[in-house]
Enquirer: 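Provided herewith is a single structure, encoded as structure tokens, for subsequent inquiry.
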There are 2 protein chains.
Amino acid sequence: MKKSLDELIKELKEKNIRLTHQRLKVLEYLVNNRTHPTVDQIYKALKKEVPSLSKTTIYNTLNYLSELKLIKVVAIEDNEARFDGDTGDHGHFKCNSCGKIYDLDMDMDKCIPENLNGFRIDEKIVHFKGICKRCLSR
Amino acid sequence: MKKSLDELIKELKEKNIRLTHQRLKVLEYLVNNRTHPTVDQIYKALKKEVPSLSKTTIYNTLNYLSELKLIKVVAIEDNEARFDGDTGDHGHFKCNSCGKIYDLDMDMDKCIPENLNGFRIDEKIVHFKGICKRCLSR
DNA sequence: TTTCTACTTTGTAATGATTACAATATAATT
DNA sequence: AATTATATTGTAATCATTACAAAGTAGAAA
């Protein structure tokens, strides 16, 4: 589900969403930076290219795009949100040593317990935290 | 792993943690209210019994108790933390209609993907969101 | 029991992420 | 090029959480 920028633009057009410079830049950033960036990281990076950019725009844009299901919020930190251009089902691992957030290709449906029979599941979140292999081997 | 208040007090004594009135009240509240309360809910409830209580104390106490692994933070809302007296491995389901947070008895180790071989896992978080059975049948 | 001291609680102020809002600007249609 | 609904921008507000210093207290020692 790692959509290209072109695919994302196509989806915007289909939904009659205006292709503003700022929206395209945010999408482009998320497509090119698969690092689960924070609002501030996105803002600082794009501010260089778009000097007029406002942080409120980043918030508005990210909120709107996630409402449209074009991106996902990753709530793995307790103080600030991170964003992911990959909207397919997958989990995350956060290394508490280097801070890196790994993507985990996995079948999240296997995690659904029987207790939830009869429940409608709209969102599945699987996060792990610890120390990654790379950091352990030092 | 639903410890009684007595078991929790015993653990505090073993670790030479002072048994302050406020700490005992917070633990008692979490043992008696398995609803994953917020800081504000705990504060407002205990303020009635302990009029001198400060919200900072609730924060200090909850942070300290979770460092000691006597309670757990449940980060299932995006704006505020919730707390759980049950420190055993289990998942959560949040109903977006009634707001209730259900506990899910499940084997979370079955969710660990192979990608994480060689990683040290300290924390496992499994959350689902949607509409619960009760709300659906209306 | 009283004293002592390190640890805890309390209240206020600060922080930091996020949102509200109104003025200005712009995408896309006519 | 004109129009208009929608988006961007900057500033101020909100709200959960933390920092900090003064006052209070649990628990050990005398």
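Naming convention: chains lettered A, B, ... in sequence-line order (proteins, then strands); numbering from 1 in each chain.
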Enquirer: Can we say B:Asp86 and B:Arg34 salt-bridge, meaning some charged N sits less than 4.0 Å from an Asp/Glu carboxylate O?
Expert: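 Looking at B:Asp86 and B:Arg34, the cut-off is not met.
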Enquirer: Got a sec? Which of residues 15-52 of chain B come in under 4.0 Å of DNA chain D, heavy atoms?
Expert: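 Contacts with DNA chain D under 4.0 Å: B:Arg18, B:Leu19, B:Val39.
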Enquirer: Can we call the ring centroids of A:Phe119 and B:Phe128 under 6.0 Å apart?
Expert: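 Centroid distance A:Phe119-B:Phe128: not below 6.0 Å, so no.
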Enquirer: Looking at the base of D:dT11, is there any donor atom on it, or on the side chain of A:Thr56, that sits under 3.5 Å from an acceptor on the other one?
Expert: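 Side chain to base: pair found, below 3.5 Å.
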Enquirer: So which nucleotide from D:dT9, C:dT8, C:dT19 ends up closest to the side chain of B:Tyr64?
Expert: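 Shortest atom-to-atom distance from the side chain points to C:dT8.
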Enquirer: Less than 4.0 Å between a side-chain N and a carboxylate O, is that true for B:Asp6 and B:Lys10?
Expert: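 The answer is no: the pair does not qualify as a salt bridge.
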Enquirer: Taking NZ from A:Lys55 and P from D:dG10, how many angstroms apart are they, rounded to a whole number?
Expert: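 The distance from NZ of A:Lys55 to P of D:dG10 comes to 13 Å, rounded to the nearest Å.
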Enquirer: In whole Å, what is the span from the CG atom of A:Asp78 to the P atom of D:dT17?
Expert: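 Distance, rounded to whole Å: 10 Å.
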Enquirer: Within the structure, does a side-chain N or O atom of B:Asn79 lie under 4.0 Å from either OP1 or OP2 of C:dT18?
Expert: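 No.
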Enquirer: Using the six-membered ring of B:Tyr102, assess whether NZ or CZ of B:Lys100 lies under 6.0 Å from its centre and within 45 degrees of the ring axis.
Expert: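 Because its charged atom sits under 6.0 Å from the ring centre and within 45° of the axis, B:Lys100 does stack over B:Tyr102.
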Enquirer: Pick the closest DNA chain D nucleotide for B:Asn60 and for A:Thr57 by heavy atoms, then say which residue is nearer the 5' end.
Expert: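 Closest to the 5' end, via its nearest nucleotide, is A:Thr57.
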Enquirer: Over how many whole Å does the gap from B:Leu12 atom CG to D:dA26 atom C1' extend?
Expert: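 The answer, rounded to whole Å, is 13 Å.
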Enquirer: Would you indicate which nucleotide in C:dT10, C:dT18, C:dT8 comes nearest to any side-chain atom of A:Tyr59?
Expert: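 The answer is C:dT18, which lies nearest to the side chain.
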Enquirer: I need the A:Asn96 CG to A:Ile131 CD1 distance, nearest 0.5 Å.
Expert: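 Taking CG in A:Asn96 and CD1 in A:Ile131, the distance rounds to 5.5 Å.
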Enquirer: Expressed as a whole number of angstroms, how long is the span from B:Arg82:CZ to D:dT17:P?
Expert: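 These atoms are roughly 11 Å apart.
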Enquirer: Could you check how far NZ of A:Lys13 sits from C1' of C:dA27, rounded to whole Å?
Expert: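 Checked: the NZ to C1' distance equals 13 Å.
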Enquirer: Answer yes when A:Lys94 and B:Glu123 have at least one side-chain N-carboxylate O distance shorter than 4.0 Å, and no when they do not.
Expert: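 No.
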Enquirer: Tell me: CD1 of B:Ile9 to C1' of D:dA26, nearest whole Å?
Expert: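 Taking CD1 of B:Ile9 and C1' of D:dA26, I get 15 Å after rounding.
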Enquirer: Would the distance check show the side chain of A:Lys124 and the main-chain N or O of A:Cys111 forming a donor-acceptor pair, the cut-off being under 3.5 Å?
Expert: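 No, the answer is negative, given that no donor and acceptor are paired below the 3.5 Å cut-off.
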Enquirer: Rounded to whole Å, how long is the line connecting atom CD of B:Glu80 with atom P of D:dT18?
Expert: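 Rounding to the nearest Å, CD of B:Glu80 and P of D:dT18 are 13 Å apart.
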